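These notes concern the structure reproduced below.
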Amino acid sequence: MTSQTIFRTLLERPNVISSKYQAKQLHAQILKLEPSSPAHLSRLISIYSNFNLLHESLFVFNTLHSPPVLAYKSIIRCYVANGLLVQSLDLFLQMRSSGKKPDHNVFPSLLKSCTLLSDLKLGESVHGCIIRLGMDFDLYTCNALMNMYGKFQKVFSDKFRIEQNVSLNQARYILPQTNANSTIINQRYSKTNCRYMVEVDRRGSIMDSVKRVFEMMPKRDVVSWNTVIAGNAETGKYEEALMMVREMGSENLKPDSFTLSSVLPILAEYVDVHKGKEIHGYAIRHGFDNDVFIGSSLVDMYAKCARVEDALQVFNILPQRDSISWNSIVAGCVQNGLFDEGLRFFHQMLKAKVKPVPISFSSIMPACANLTALHLGKQLHGFIIRVGYEDNMFVASSLVDMYAKCGYIKVARWIFDRMDVHDMVSWTAIIMGYASHGQAYYAVSLFEQMEMEGVRPTYVAFVAVLTACSHAGMIDAAWRYFNSMTQNYGIDPGLEHYAAMADLLGRAGKLDEAFELISSMHRPAGSVWSSLLSACSVHGNFDLAEKVAKKIFEVDPENTGAYVLLCNIYAAAQRWKDAAKLRYLMRNKGIKKTTAFSWIKVKNDTHAFVSGDKSHPCYDEVNETLNVLLEKMEEEGYVPDRNEVLQDVESAEEIPYCLATKRQLPSFGIISSFLGQQFE
DNA sequence: TTAGGGTTAG
């Protein structure tokens, strides 16, 4: 074969050119053999642009006096791939003014530019151009059109959601509640509602555009279906998305890895592990389980369905892991309460030299918060500042929560005040922080501030404010919020809200009122009754206690806490026979009190305290210290109530403080050195 | 021409 034949073959079958080096060799051959052939030069531009070589492509393009369509569309594609979006649209206009008729390959690139520029109007103009040129039946062009409209629909949807739940930071002034404030709140909501209607119309019309394009298509491929399915999945139209996955089959198209990427998050949201497993089986049968996207989605789906073991299994056999698969397993562990495991994976991720992103920190921070591992939380905070993630709303909210849970409410407030915008979660985190620190005034004031700024309180925000009221004995305010949930926001009170109210009323001695409230619940849970049982014990209402205990045993016959509490109540009332009968019943039923323990971290060791254990080497010293503290407390007027403790069902010990073995948390010193070394 | 992960809960 002569060099000329090879040259022609290469130009006719550009796919055989597998490297940038070969492309440059071909360029040299063209210059040598046919340097002025626009057809050859255009093919060369196309080959260069396939390798994303913008500089080389432009170099050749600028030598052409009247570039053919192939040259234009190759440069346009290369511009888009390099993020030069305005330039891509400029070149399209230049091509049109030179009289060249664009073919169907040009539009996907242009539509991508409009999407990346977030310019819907421009996208609609391009759509008009597509229709005028009669390209609106082309498969690739239609797929790209649907993709563009789908992306805009998601942007509108996300933007609207954020506007609903975000306010500017004006939390530095705390206004008292007045009628004037209520008027402002109402005005804000009526404005919000107007905007809501406009946005709903806008989103609806964009989704109609996606549908219209889809329905007009003479032929659809798997990408067409995937695009519409993803559009529905991302905007919460789950049933529609799943229905379309089933409908694909009627056009003889099988779901591929992209389809599964849309389906798995829906099943995670539905907590439907059975269907999730079916999809997992399908993925294995079709070889998609090696796909890193599917792997991450499976990890996430299993974790959200509380199947951490399955999530770990999928993660452990992943042939390749990227930042997202690591974040998925870290978040999966933490969300399921496996904090140590989550921290270990975070550590391993750093060791694997995967750079943490904001999501990594907002996923791991709740582990520090729930373990009250302040030292680690502070180290991570330092790292967050160094890499500049402290302004991320998710990261900042998780920091607010971590500091509040670790006892540093002032630092939590400082971080909260520094945030430019507050969403519903950050408000709730700081309100709950104040509530758990017993600073109900701040919690309630901030809740009202949040309402003033037009952020709609949610189910969780009401849990927070009612908890605050409960701790401070604010009965009137609590009733106001409890009633406001349904009346103003249409949120049905749940278990947590009833529990806070029952706790509040019980502590205040309003036992009958609490009984009535709990009885009004649809299906009162044992835990809500339990707080009333405890209040009955404190206030010495033994008759009601028996009634309440009966209610608990109806819904939860093996509620250990209720047995123990009732036993103690009988003991306090000197009803020894009843107490003994109950204890006998417990033994018969095999009900045992779960061992509770608390722990304290001293330097790098965590020491756990369990009733009845004398194994710790410093047992005597600890007991001595406890006695000193007890004496001091008694000097200041504390009278220990030993009536109930003496009759504790499972323990014969009078003072249940002893020491158990050390519990080892991950060593954060090691993580700290990684943070410092690798990513500064 | 199409894809995956995050913060608040007595």
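Residue numbering restarts at 1 for every chain, and letters A, B, ... go by the order of the sequence lines. All of these numbers come straight from a predicted model, not from anything done at the bench.
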Discussion item. Any N or O donor-acceptor pair under 3.5 Å from the base of B/dT7 to the side chain of A/Ser397?
Written reply: yes

Worksheet item: Please give, in whole Å, the distance from B/dA9 P to A/Gln335 CD?
Response: 13 Å

Practice prompt. Please determine if a side-chain N or O atom of A/Lys405 lies less than 4.0 Å away from the OP1 or OP2 oxygen of B/dG10.
Written response: no

Worksheet item: Looking at A/Ile359, A/Ile384, A/Val400, which one forms a side chain to side chain contact (heavy atoms under 4.5 Å, CB included) with A/Val395?
Response: A/Ile384

Discussion item. Considering every strand and a 4.0 Å limit on heavy-atom distances, what is the contact class for A/Ala230: base, sugar-phosphate, or nothing?
Written reply: nothing

Item to complete: Round to the nearest Å and state the distance from A/Asp300 atom CG to B/dG4 atom C1'.
Response: 8 Å

Worksheet item: Closest to the A/Lys304 side chain: B/dA3, B/dG10, B/dG6?
Response: B/dG6

Worksheet item: Between the side chains of A/Tyr481 and A/His497, does any donor sit under 3.5 Å from an acceptor?
Response: no

Discussion item. So A/Ser527, base contact, sugar-phosphate only, or nothing? Heavy-atom distance under 4.0 Å.
Written reply: nothing

Discussion item. Ring centres under 6.0 Å, that's the criterion: do A/Tyr442 and A/His437 meet it?
Written reply: no

Item to complete: Select one nucleotide: of B/dA9, B/dT8, B/dG6, the one nearest the side-chain heavy atoms of A/Ala429.
Response: B/dT8

Worksheet item: Would you call A/Arg220-A/Glu251 a salt bridge at under 4.0 Å N-O?
Response: yes

Worksheet item: Touch check for A/Val400, heavy atoms < 4.0 angstrom, all strands: base, sugar-phosphate only, or nothing?
Response: nothing

Practice prompt. For A/Val357, report the nucleic acid contact type (base, sugar-phosphate, nothing); a contact means any heavy atom under 4.0 Å.
Written response: base

Worksheet item: Is A/Ser296 touching bases, backbone alone, or none of the nucleic acid, heavy atoms closer than 4.0 Å?
Response: base

Fill in: Ion pair A/Arg344/A/Glu341, N-O distance below 4.0 Å
yes

Fill in: Rounded distance (Å) that lies between atom P of B/dT1 and atom CG of A/Asn105
9 Å

Worksheet item: Among B/dA3, B/dG10, B/dG6, which is the nearest nucleotide to the side chain of A/Ile359?
Response: B/dG6

Worksheet item: Would a line drawn from the ring center of A/Tyr140 to the ring center of A/His104 be shorter than 6.0 Å?
Response: no

Discussion item. For a quick test of reading the model: is some side-chain N or O of A/Lys154 closer than 4.0 Å to OP1 or OP2 of B/dA3?
Written reply: no

Worksheet item: In whole angstroms, how far is the C1' atom of B/dT2 from the CE atom of A/Met217?
Response: 12 Å

Discussion item. Base, sugar-phosphate or nothing for A/Pro366? Non-hydrogen atoms, less than 4.0 Å.
Written reply: sugar-phosphate

Practice prompt. Just compare B/dT8, B/dG10, B/dG6 and give me whichever is closest to any side-chain atom of A/Thr467.
Written response: B/dG10

Fill in: Shortest side-chain distance from A/Glu234, nucleotide among B/dT2, B/dG4, B/dT7
B/dG4

Worksheet item: A/Met424 has an atom CE; how far is it from atom P of B/dG6, in whole Å?
Response: 15 Å

Discussion item. For a quick check of understanding: with a heavy-atom distance under 4.0 Å over all strands, which category does A/Ser531 fall into, base, sugar-phosphate or nothing?
Written reply: nothing

Item to complete: Test for a donor-acceptor pair under 3.5 Å between the base of B/dG4 and the side chain of A/Asp322, counting only N and O atoms.
Response: yes

Worksheet item: Which listed nucleotide (B/dA9, B/dG6, B/dT1) is nearest to the side chain of A/Pro358?
Response: B/dG6

Discussion item. Using whole Å, what does the distance between atom P of nucleotide B/dG10 and atom CD1 of A/Ile431 come to?
Written reply: 14 Å

Item to complete: Grab the CE-P distance between A/Met474 and B/dG10 for me, whole Å please.
Response: 18 Å

Worksheet item: From the list B/dT1, B/dA3, B/dG10, which nucleotide is the closest neighbour of the side chain of A/Phe293?
Response: B/dA3

Worksheet item: What about A/Ser363, does its side chain sit under 3.5 Å from the base of B/dG6 through a donor-acceptor pair?
Response: no

Practice prompt. Check whether the side chain of A/Ser297 and the base of B/dG4 form a donor-acceptor pair under 3.5 Å.
Written response: no

Practice prompt. In sequence, state the C-alpha distance, the side-chain angles, and the governing distance for A/Ser109 and A/Arg77, and then conclude on side chain to side chain donor-acceptor pair (under 3.5 Å).
Written response: CA-CA 6 Å; A/Ser109 303; A/Arg77 190 180 55 200; 5.8 Å; no

Worksheet item: If you look at every strand shown and take non-hydrogen atoms under 4.0 Å, does A/Asp503 touch a base, only sugar-phosphate, or nothing?
Response: nothing

Worksheet entry | Whole-Å gap separating P (B/dT7) and CD1 (A/Ile384) | 14 Å

Discussion item. Stacking between A/Phe394 and B/dT7, defined as ring centres under 5.5 angstrom apart with planes under 30°, is that present or not?
Written reply: no

